[in-house]
Structures are given as structure tokens and as C-alpha cells.
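To start, the structure under review is shown below, and the notes come after it.
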Amino acid sequence: MIHKKYENEEHAVADIPNDSTVLVGGFGGSGLPSRLITALKENGATGLTIVSNNIGAVSEGVATLISNQQVKKIICSFPVGPHANELIEYLETGRVELELVPQGTLAERIRAGGAGISAFYTPTAAHTELGEGKESRVFNNREHLLEYAITGDYALIKAHRADRWGNLVYRKAQRNFNPVMATAAQTTIAEVDEIVEVGDMSAEEIISPSVYVHRLVEIASQEERGKVQNG
Amino acid sequence: MIHKKYENEEHAVADIPNDSTVLVGGFGGSGLPSRLITALKENGATGLTIVSNNIGAVSEGVATLISNQQVKKIICSFPVGPHANELIEYLETGRVELELVPQGTLAERIRAGGAGISAFYTPTAAHTELGEGKESRVFNNREHLLEYAITGDYALIKAHRADRWGNLVYRKAQRNFNPVMATAAQTTIAEVDEIVEVGDMSAEEIISPSVYVHRLVEIASQEERGKVQNG
Amino acid sequence: MVRPYEELNGWTIPEVAGRIAAELEEGWFVNLGIGLPTLVGEALPEGKEVILHSENGILGIGPRKHTGETDSDLVNAGKEPITLLPGGSFFSQSESFAMIRGGHLDAAVLGAFQVSMRGDIASWKLPNASLGRVGGAMDLTVGSKRVFVFMKHCTREGTSKIVEECAFPLTAPRAVDRIYTELAVIDVTDGGLVVQDLAPDVEFEEVQACTAAPLQNRNVKKHSKVSEG
Amino acid sequence: MVRPYEELNGWTIPEVAGRIAAELEEGWFVNLGIGLPTLVGEALPEGKEVILHSENGILGIGPRKHTGETDSDLVNAGKEPITLLPGGSFFSQSESFAMIRGGHLDAAVLGAFQVSMRGDIASWKLPNASLGRVGGAMDLTVGSKRVFVFMKHCTREGTSKIVEECAFPLTAPRAVDRIYTELAVIDVTDGGLVVQDLAPDVEFEEVQACTAAPLQNRNVKKHSKVSEG
């Protein structure tokens, strides 16, 4: 029988080693796998390369890993927010490296990583500072940049509901980077509100098919357990 | 008010001119927009370039346009079936040109066309007859081919249900090439079983967002009308 | 007499937002950038079907929520709580930017630090800043069928944001179609910047005086208190 | 005495299908090609969770439907009516091949015209045919973590389908990991073709005699009526 559920988030991230590349979903606080991030902080792995769109928008986000000096490199589109102060300091002292990528190129590079496309040409960022030094080529009279796939050793994502096989559905705009990151990591770990029986989700409504999801952490059952222990 | 519904399939395809590139959805008979194809046959436009995965699998498919001598070029992955005899004859006499593309590359080229990606590198078909003459490049010690985006002047697709804005949902494996072709044409025309009120579809279950769909033809209402006329 | 920028009373910001909202056409799919452009959504006339797109994977966003319970999974690109209209849909970030880059949006209304006379736009990084925030700006400027900039005509210091050449890092070259400021509506054409409309009580010469690029006065429909009264 | 191909009684085709089904591991995501490989799906033990993928955008296909009402929107890559297991899902063709090419499938079981000693596979076009039918074969051979070929050992004319060099147009070079025929299970290794198992009552020399590429007899667990009885 297929079992992807882990007892808790600490177990689910326990094997993430130093120097891993970790894709972290979410757009601001929406769809942010905050328990998995906290567990990764407790795991303590260092030298991490983090791929995540917003850095610093919320306190429980990737900023916490930067503060904890676990991060070597950030790949993102929007590295500013109330909680990015340390990032700015670390960037200036060279403690953290930043690769700034336009949001659509970031999403597309991750998609390419998941889809077996090694590189692609996009018009975005041509003739800009972010295109400097990149290989370029003209298609349809328009300059394009060659952009390379991004893959992760791990993806930490957030979804609303899962089944035992690992199928996922999301709540509203919680989807954002989560489904695409799910496709692009060796090991995708999803933090979900609840795990339902296989067959309880409609085949038409599944957003991340089971093939992309390797580990599940259920928030509801832990809260349930917490209540029992506290009760 | 947004109105995308056309009275019938003949009106919906009436402006397709000679020498158009037309993307046609479906996988065999599943998700095949057979009424739109019939209407395109009656429209009579010639010199068409047809992009469609299966040619000849079913009688009401693209084969009918070939028989009717409307087709100049076929781009497909699987050009064989009980109804492809004329295609074979026309190919041999040079009346029709065939570009054979691996199915995944075909889907990805169409996706690229819809997504503003002008070209991409894929390992599929490297070192094969279908890769001959194509530009190639090594990524991760593996040869890749440069493949170009495909776009259409029109896409003829089939879906299960639409709303007035053009949002679409599909039935089961009817999806196949339909959602991706919807993204890649100047004008996407969807043949649907029924049109429901805006808001009747869940925002989470919509597969082709309204932005991709320009014209709708409803089968149910025509059958209803047919019944009234016949009754 | 040509008055300096700080003495000019142009349109109010809500008036500009309303003007843009009025010019977005029924059935258009439109992305509104963070900041001033967000106001355009609030200014859309009731019942006008302009479908708003948000980078984080939403089509059909409704008015921002001012009161009541907020939903952290229903926010716009600025992470502000919003509502979803009937007919709205959710999709992933890769689909959202496929939509943008693939040319499916009829217009993007964006803020900017600078716009050049050729339509170059600089909107993601201040010069010498250690960090830029590019977000979706480069994709939107490159992919949208029309790019409208909604910005104040000058900085707080009175420096023109419309320039001959952008001094700030570019978001995209030759991307902007039209500029909306509190003083004027200006089209970027092959022949240069053309003022299409002026705010009431503002003279063309006054707008030119506070604009660091040559303007043309073609097709100006002049408003004045007299003609309006 | 070395008997010719037509006199060899190897496994039956359902036996080979069962063998492959047994070797697919619990939890694997597997694509089954058109033709013989489809039989592997029917041979999966009840309750064993091997999740089957179909190119047209399905995960979790169940047994083919032999009776009752068919649904034209629920067909496999061979356009045969199928069923969907609880937990199954539908997706578009671009997603389906992103899954294949992206290396997410644990195995593909495919038919072939020829397989070479280096694992080259030819399966989409007969030599000098005016039309090939490539379908998803090239993507599957390039993208799947493991490629298993399920084919008859020789053609009807008795010509070996296992060869030193493929004479037919390639589907992909160096793609095949294991070959299942009615006579043997053969691994493609860096050191050449290695027979891992032989059908009962078939000698290694007999298999070699009807195979147009050198085989190695390493790790052969010999079956015979005697040892089985």
C-alpha cells in the first residue's frame, strides 16, 4: 500500500542535508508551507540554496532561515518586505548570494525543470540589467534570453487537501508556486490541512496528480492530537 | 456584457480563410470537435495547415478535411488509422505535406506558443530520423533538440461545459490536447455540450480560464432547437 | 504665465483612475500593478465586464475587501485581501505567467519610476539600490498587448518621471503605449510623445515645462472651466 | 541439440505479462504502451498499487472495460475503453508529457520492432514505410526512469528482434533497460546483453541461436520441469 504520510513535519524534513537546493512555495503568506519551514529551521541544515518568490514578506517565511544563517543563496523575484532586513545586510556582507529572476521566468524555469525541458528562450528581461551576460537570440524580430531549468533536491509546498496517493487540491490562490514546484524536485513534501480517503477527491478537480508528491504532513491530525494531549 | 456564444458552428467558423493554420483538439474521437470540423468542411477554406495529434483514427476527424482537399500541410504525431488512406495517397503524390512530431514535443511546442516561449530544448528525438537537420545542443551531457513554438490562427476545441465568459471544464480524458490548444491560437472556438451561468462553475475546477476562449458553440441548445423544429 | 509643477492643480488620483477605468474596454483582460494602478479596479463602473488578472494566479478579481473577515488565500499581487467575481478562476503561477507572456492580456496598468520618450520603462529598481524588486513587471511589460503607465507626473522633489532616456535600470525597452498622470494623458508614438488630453486648468506649455522630454500637442481636446461650465 | 526458434516453447504471452506485472514495484507510476504491454495492466495482482499512466492525460487507469457501456472520454492511449481507479486523475496532454519527459514515471513498458545490444530501440517506423507513427514513443523512451520492452523474441518470419545495430529508424538510443520475450528476460548492461532468466525448457544456447546479438549467461536461474516438479 502506498503511504506518503509522515507523522509530523520534523520527520518529513529530517533527511534534508546541508547544501541542498530547496524550492519553497507560497506568495507572501498564501500557500506558504510555514510548518515545514519551521521544521527545516529546527533541522538546522546549512548552505541551502532557496528558490522562493517572495523573501521577507512574512516573518514565518524564508526570512527565518536567512536569520538562522542556513542559507547560502536565494533565487527569487521579490526580495523585499518588512522581514528582509537581514537579507539586505547579509547580501551586502556577501554572506548570502542573490539571483534575482523575473517572476514569470522563475515560474517557467521551475516548470521546465519539472517538465524535462533543459532550457528555453523568453523575451522577458531582454535589454535589461537582469539579462546582462545571458546568451540571447532573436526570434520573430525580438530579442530573447536563454534561460535554464531549475530543479530542487526538495520542494516544500502547502496544499489544502491530499489523499493517501499524494493527489493534491489547493484553496483559492494558495496554488501560486505550489503546483509547479511540486513537479520540479526529487522529493516533494506537502503540508496539507487534511488527508482524505483515496477516491474522495474528484478526478477532475485534482491539481497536483499523485506522481509529483512524495511526502505528506497533515496539520489537522496534529492539531487533533494536540487537543487530545492538552485536553 | 461579454458574449462569446455563436448561434451555430457554421457561424463560428465562417471567417476562417484559406491558408489558415488551424489547431484541432482531440485524441482519437475523445475531445474531438467534430461539429466544428464538419462546419469547416462546409466553409470550404483551402490551403489549411492542420495541427492535430491523430489523423485518420476516426471518420469525422481531420481525415474528412483531407478527403475534401482543403489541407496543404499536416503537423501531427500519429498519422495512421482506418481513415488515413487518402492521407497516404496524397502524401505520396505530394499533394499534402506532413510534419511528423513526437507527441510530447507537439504538445510542448503548442504550449510554448501559448506561453510566449519562442523555442526550447528537449532531449526527445535526439539521434533519430525526426531530429535530423535540427539544431542541437548538449545540456547535462545529453543531446537536446531546439524546437520552435507552434501557434494557430484558429483552434477548434471540444469541452464539456462553458460559461458566458468562456471558462471551460472538460469530461474525463476529453481534455487531452484541448486546453493546451486553447492557449495557442489567435481565435479559439470551443464546441461545448452546454453553456451554464457565470458563477455556476467552481473557480477551483475551471480548466481553461476565460481568457483563452473566444467563441462558443453549444450543442445542447441546438439539439433542443432541433427537437422543437422537428416536434 | 507658465506655472511650476507644484502649483499645478491637475486631476485627482481617483479621477485619473476613473479615466483609465473608463478607457478599459468591455471584455478586456487586464492586469493592475501594485500601488496606484490598483485604484483602477475600484473605479470600474458597476456592471462593466473588465476581467482583472492577478499574477498570483487569479482571473476575475473583484473589489478589495475593506471590511469583514479576510481570507489569506484570496489576495492580489500586492498581498491585499480581495474578492472573486462569479466567473473567476484560480491557476498556478506558471499558468499565470504563460498567460501574461503569451500575449493573452489586453492591457496592463503599471506604475513606473521613469518612462522614456520611446516607451522604455523603469519600474523595478532605484539606481544604486542594493536590491531591486522585479516581481512580474518585466513579464507584464513584455507580454501585455497594451501597457499603460499610471504615475504621478513628477517625483516629490519635482523631477520629471517622463524623460528622454531612462537613467534607472530598465524594466523593458519600448513597452509603454500610454501614460496617465495627474496632468495629462500622453501616447507613446513612433513620432514621439503626443499629449492626447490635458487636465482642466493646465496648459500644454506648463506640462511641457515639467516634462524632461519633448511633447507634441496634437489632437488636444482642451478642457477649461469655461468650456465645461 | 539446439532447436530452431519455431520449435521453442517459451512462456505464454500472459505469463510474460504476469512476470512483468510482478516486477513492477508497489507505488510505481508506469506507462504501458499500445499492444502487448497493455496486457501487463490486466495481469497486475489485485490490490497491488501500481499506478498506470496514459499519454492522453490519465493517471490511475484500471482494467480495460470488457463489457457494459463504454465512455468515449475514458480511453487509453490505444483508444480502448478503460476504467479509472479511485485516486485517478485527468490532465492535459502538455501536462501528461511534462510528466513523461520530466522523469516522473518509474517505468514504461513498450513494444518494439528491434532492440540493439546497447539498448537502442526502434519502434515507430518500418524501413521504407511512407508513414511512421511516433506518438509518445520517443518521449517515453527518453523520459522514463526505466524502459522495459515487451515483445516477441523474433518476427513471424523468425528474424531476431534483438540485434547488434538497429536497422530500423531509432526511437531513442541507449534507452532500454530490460527486454522481456517469451524466451528470456534480458538486461541491457554496460557490458552487453545479459540473460537474467530463461523460460522453462529453453536452453541458453537455443536463445542465443535465435538472437542476432551476443548474449551473456550470467546469473541464470535455470528453470526446468525437473526442478519445478
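Chain A is the first sequence line, chain B the second, and so forth, proteins listed ahead of strands; every chain is numbered from 1. Side-chain atoms are counted along with the backbone in the values below, which use heavy atoms only and exclude waters and symmetry mates.
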**Carboxylate-amine/guanidinium contact Glu165(D) Arg118(D), below 4.0 Å** =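 A salt bridge is present here (some side-chain N lies under 4.0 Å from a carboxylate O).
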Report task. Quickly, which of Ile51(D), Val147(D), Asn31(D), Val30(D) forms a side chain to side chain contact (heavy atoms under 4.5 Å, CB included) with Leu105(D)? Name it, please. Result ->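 That would be Asn31(D).
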Please answer whether the main-chain N or O of [Y] pairs with a side-chain N or O of [X] as donor and acceptor at a distance below 3.5 Å.
| X | Y | result |
| --- | --- | --- |
| Lys41(B) | Gln70(B) | no |
| Ser67(B) | Ala63(B) | yes |
| Gln208(D) | Ala213(D) | yes |

Between the CG atom in Asn76(D) and the CG atom in Leu74(D), the distance rounded to the nearest 0.5 Å is 9.0 Å
d(Tyr5(D) OH, Glu182(D) CD) to nearest 0.5 Å is 3.5 Å
With Glu99(B) as partner, the option from Lys134(B), Lys72(B), Lys73(B) fulfilling salt bridge (charged side-chain N to carboxylate O under 4.0 Å, His left out) is Lys73(B)
Hey, which of [options] has the most heavy atom pairs under 4.5 Å with chain B?
| options | result |
| --- | --- |
| Asp120(D), Leu170(D), Leu131(D) | Leu131(D) |
| Ala77(D), Ser96(D), Ala98(D) | Ala77(D) |
| Gly57(D), Ala172(D), Gly132(D) | Gly132(D) |
| Ser92(D), Gly135(D), Ser94(D), Ser72(D) | Gly135(D) |

Which one, Arg142(B), Arg111(B), Glu92(B), leads in non-hydrogen pairs under 4.5 Å with chain D?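 Looking at each option in turn, the highest pair count goes to Arg142(B).
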Output the option from Gly29(B), Cys76(B), Pro102(B), Gly31(B) having the highest count of non-hydrogen pairs under 4.5 Å with chain D.
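Counting heavy-atom pairs under 4.5 Å, the top option is Pro102(B).
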Exercise. Considering only heavy atoms, give the residues of residues 123-133 of chain B separated from chain D by less than 4.5 Å, sorted numerically, with 'none' for an empty result.
Key: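 When heavy atoms of chain D are the reference, residues 123-133 of chain B contributes Pro123(B), Thr124(B), Ala125(B), Ala126(B), His127(B), Thr128(B), Glu129(B), Leu130(B) within the under-4.5 Å range.
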Looking only at heavy atoms, which of residues 168-192 of chain B get nearer than 4.5 Å to chain D?
->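 Arg171(B), Lys172(B), Ala173(B), Gln174(B), Arg175(B), Asn176(B), Phe177(B), Pro179(B), Val180(B), listed by number.
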- Query: Could Lys79(D) and Phe27(B) be counted as a cation-pi pair, given that NZ or CZ must be under 6.0 Å from the ring centre and within 45° of the axis?
  - Reply: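 Yes - Lys79(D) lies over the ring of Phe27(B), closer than 6.0 Å to its centre and within 45° of its axis.
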Looking only at heavy atoms, the pair that brings Glu218(B) and Ile195(B) closest together is OE2-N, 2.7 Å
* Indicate the ring-plane relationship of Tyr180(D) and Phe148(D), choosing parallel, tilted or perpendicular according to the 30° and 60° boundaries. =>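 Plane angle over 60°, so perpendicular.
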Note to self: Pairing donors with acceptors under 3.5 angstrom, does anything connect the side chains of Glu157(D) and Thr155(D)?
What the structure shows: yes
Exercise: do Asp187(D) and Thr189(D) side chains pair donor with acceptor under 3.5 Å:
no
Applying a strict 4.5 Å limit to non-hydrogen atoms, the region of Leu98(B) in contact with chain D is side chain
Practice prompt. Heavy-atom distances under 4.5 Å only: say whether Thr171(D) touches chain B with side chain, backbone, both or neither.
Written response: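 Just its backbone gets close to chain B.
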When the 4.5 angstrom heavy-atom criterion is applied to Ile100(D) and chain B, the contacting part is neither
Checking Glu55(D) against Gln103(B) for the side-chain contact (heavy atoms from CB on, under 4.5 Å) test, could you report, in this order, the C-alpha distance in whole Å, the side-chain angles of both residues, the deciding distance, and whether it holds? CA-CA 9 Å; Glu55(D) 286 101 305; Gln103(B) 198 171 155; 4.1 Å; yes
